[in-house]
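Each remark here refers to the structure printed beneath this line.
A quick note: this is a predicted structure, and the numbers were derived from the prediction, not measured. Numbers here are sequence positions counted from 1. For ligands, and for the atoms within them, numbers begin at 1 and follow the listed sequence.
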Amino acid sequence: MSYAGFQQRLGIVNDLLNASSVLVWDSRTMMPPGGVESRGQQIATLTMLARQTLIADETRRLADAAERELEREPIDSSARRAVAQAQAAIAHHLRVPEALERRRAELRTTAQAAWISARRDSDFSQFAPYLAETVDLARQLADAIGYADHPYDALLSTFEPGATTKTLDTLFAALRAGLCPLVRRIAKAPPPNVAILARDYPEDRQRAFGLRIAERFGYDMARGRLDSTVHPFEVSFTRNDVRITTIYNPRNVVTALQGIMHEAGHGMYEQNIDPAYTRTALATDLISLYAVGGTSFGAHESQSRLWENRVGRSRRFWELNYPDLKATFPESLADVGMDEFYRAFNNVTPGLIRTQADELTYDFHIMLRVEIERAMVDGSLKVADLPEAWNAAVLRDLGVRVPDDRRGVLQDIHWSVGYIGSFCSYTIGNVMAAQLYDAALARDAAIAPGLQAGDYTPLRDWLTDKIYRHGRRFSRDELLLQATGKTLDPSHYIDTLQRKYGELYGV
Ligand code: ZN
């Protein structure tokens, strides 16, 4: 009985957070600019109500009683895990003072506005005071959460449980050792003809083609929709309404398609969570207070990266789908063969902008951000010195000079919305995607013939069975162990990139 009561309370928390997500979706797709301030208040209010409901005496009483009621069940049963997730989140929120949470929520709206204007003017000094307070609040949050070695570890734990500064150091060292020599060899090889990507590609046809691909992957449009935005994202309000967005550039055929393939990967994760988990602790992030059903930011990112990069950037995918692309844009691709397009689509070009980075240099953008965040949090890097440190790291890791703050330290939205400690998830997602993809091919004989024929059902079914359906029931490493027999292991990712780009560039 107590468990039913506990579920009912969690249902209310879920409804509040899902409603808040509808407001977030609207603010990033439909809302006129004038709505910013009141929308920020509405979202903050719903989030605060969800938090209060979660930590209320009644919820805690029901959670404790449910815990006793379920004592005889296996420790990893979905019911016991749901209660354990809620208990961990309640403990987290009781450690973090409400005044601190409120200040963080308020700052998010003003800091984001300051960032938008600073970025427009390419002037870091406009954003600096807001970032300084964001870092200060992040430090207070870390102290409230607690940590053993480094305050950054506490922040990491809210996005990527299991990741610490130490584990990231090991992971990044392996990636640098495995990828740096390859990037250097490619820099000396003749580049592909990327000019073919920057011809006329009308937006409506890009949208139609992108949707066909998303549906071929298995993104269900009966429970989804595609809209345009500035920074593409996926958002769900239960598994039955999972929306994706992208951004169109009529002079570039890659941007929107890449966004759609990526967000469709996130979307399929959410659409395939066990229906029994709807409105429970297993379908929402009760620590971040965000209605997302994937088990960690990195696990979620592994699915967007798997569909975007392992499937959508593969040679076989383009052998099958290039005729459709060419028929969609006959004027621009008449003189371009499949092989030429495939090479251009997979070009390696170290550049300034993370979201436009190629698959091979992408992680260098992440590693330098993690290094800078960590130094800001422990105080060894002052906010005022950030542009200089950023520019030096970009030159060191990517070999390019940063011409202005807009294309440098001001390019990402994350810090303006208070996200410090989330960047590592992108690289963890890349690593996890390659590991899962290799395991899928090795463990299910139907997947390779499916990919060969353009039938993505066997791969999607395997991922649903191993990852999607479990929602937040298992941790990232538990899922990896069950699916691949190992915890996070970068060797698959490094091997994949060495094989693919060695062959593409003949190096
Ligand atoms: Zn993503």
Side-chain angles (χ1 to χ4, degrees), residues 21 24-25 28-29 156 158-161 163 210 213-214 217-219 224-237 239 242-248 254-273 284-285 288 290-313 353-367 369-370 411-437 460 463 467-468 471-472 476 479 488 493:
S21 288
V24 170
W25 171 83
R28 295 177 66 178
T29 53
L156 289 171
T158 65
F159 298 103
E160 200 55 42
I213 297 304
F217 284 170
Y219 174 69
R225 59 177 282 142
L226 169 65
D227 293 275
S228 60
T229 188
V230 180
H231 301 282
F233 64 99
E234 171 273 331
V235 65
S236 68
F237 329 126
R239 74 194 292 279
V242 179
R243 305 186 186 189
I244 61 173
T245 57
T246 196
I247 180 169
Y248 297 94
V254 178
T255 318
L257 178 60
Q258 191 185 325
I260 292 171
M261 294 196 296
H262 181 99
E263 304 306 336
H266 283 302
M268 287 188 282
Y269 195 160
E270 295 290 323
Q271 285 184 332
N272 290 296
I273 291 171
T284 201
D285 182 345
S288 301
Y290 190 61
V292 58
T295 202
S296 74
F297 277 54
H300 229 298
E301 201 62 19
S302 78
Q303 294 316 298
S304 54
R305 302 289 166 145
L306 189 150
W307 288 99
E308 174 195 356
N309 291 332
R310 296 282 63 77
V311 180
R313 287 181 188 275
I353 309 295
R354 174 184 63 85
T355 55
Q356 293 166 13
D358 58 77
E359 197 189 356
L360 189 55
T361 59
Y362 185 90
D363 298 294
F364 292 90
H365 292 266
I366 298 305
M367 292 189 273
R369 280 160 177 74
V370 170
Q411 65 182 270
D412 290 312
I413 192 172
H414 301 59
W415 295 338
S416 77
V417 294
Y419 279 19
I420 295 184
S422 74
F423 277 119
C424 70
S425 301
Y426 296 113
T427 287
I428 287 172
N430 283 332
V431 169
M432 185 170 169
Q435 189 176 341
L436 285 170
Y437 189 73
R460 195 182 60 257
L463 291 166
I467 309 288
Y468 304 159
R472 302 180 68 85
R476 183 196 75 206
L479 289 176
L488 195 68
Y493 183 51

Subject >> Distance-only donor-acceptor check, side chains Asn309 and Arg305, under 3.5 Å >> reply: no

Original post:
Hey, which N, O or S atom on His262 ends up closest to the Zn ion (ligand 1)?
Top reply: NE2

Original post:
Can an N, O or S atom be found in His300 less than 2.8 Å away from the Zn ion (ligand 1)?
Top reply: no

Original post:
OE1 (Glu301) to the Zn ion (ligand 1) to NE2 (His266): angle, nearest 10 degrees?
Top reply: 90°

**OP:** Please determine which of Val370, Ile428, Leu156 meets the side-chain contact (heavy atoms from CB on, under 4.5 Å) test together with Phe423.
**Re:** Val370

Subject >> Euclidean distance, Phe364 CZ relative to Met367 CE, rounded to 0.5 Å >> reply: 4.5 Å

Subject >> Side-chain donor/acceptor of Ser296 to backbone N/O of Glu160, under 3.5 Å >> reply: no

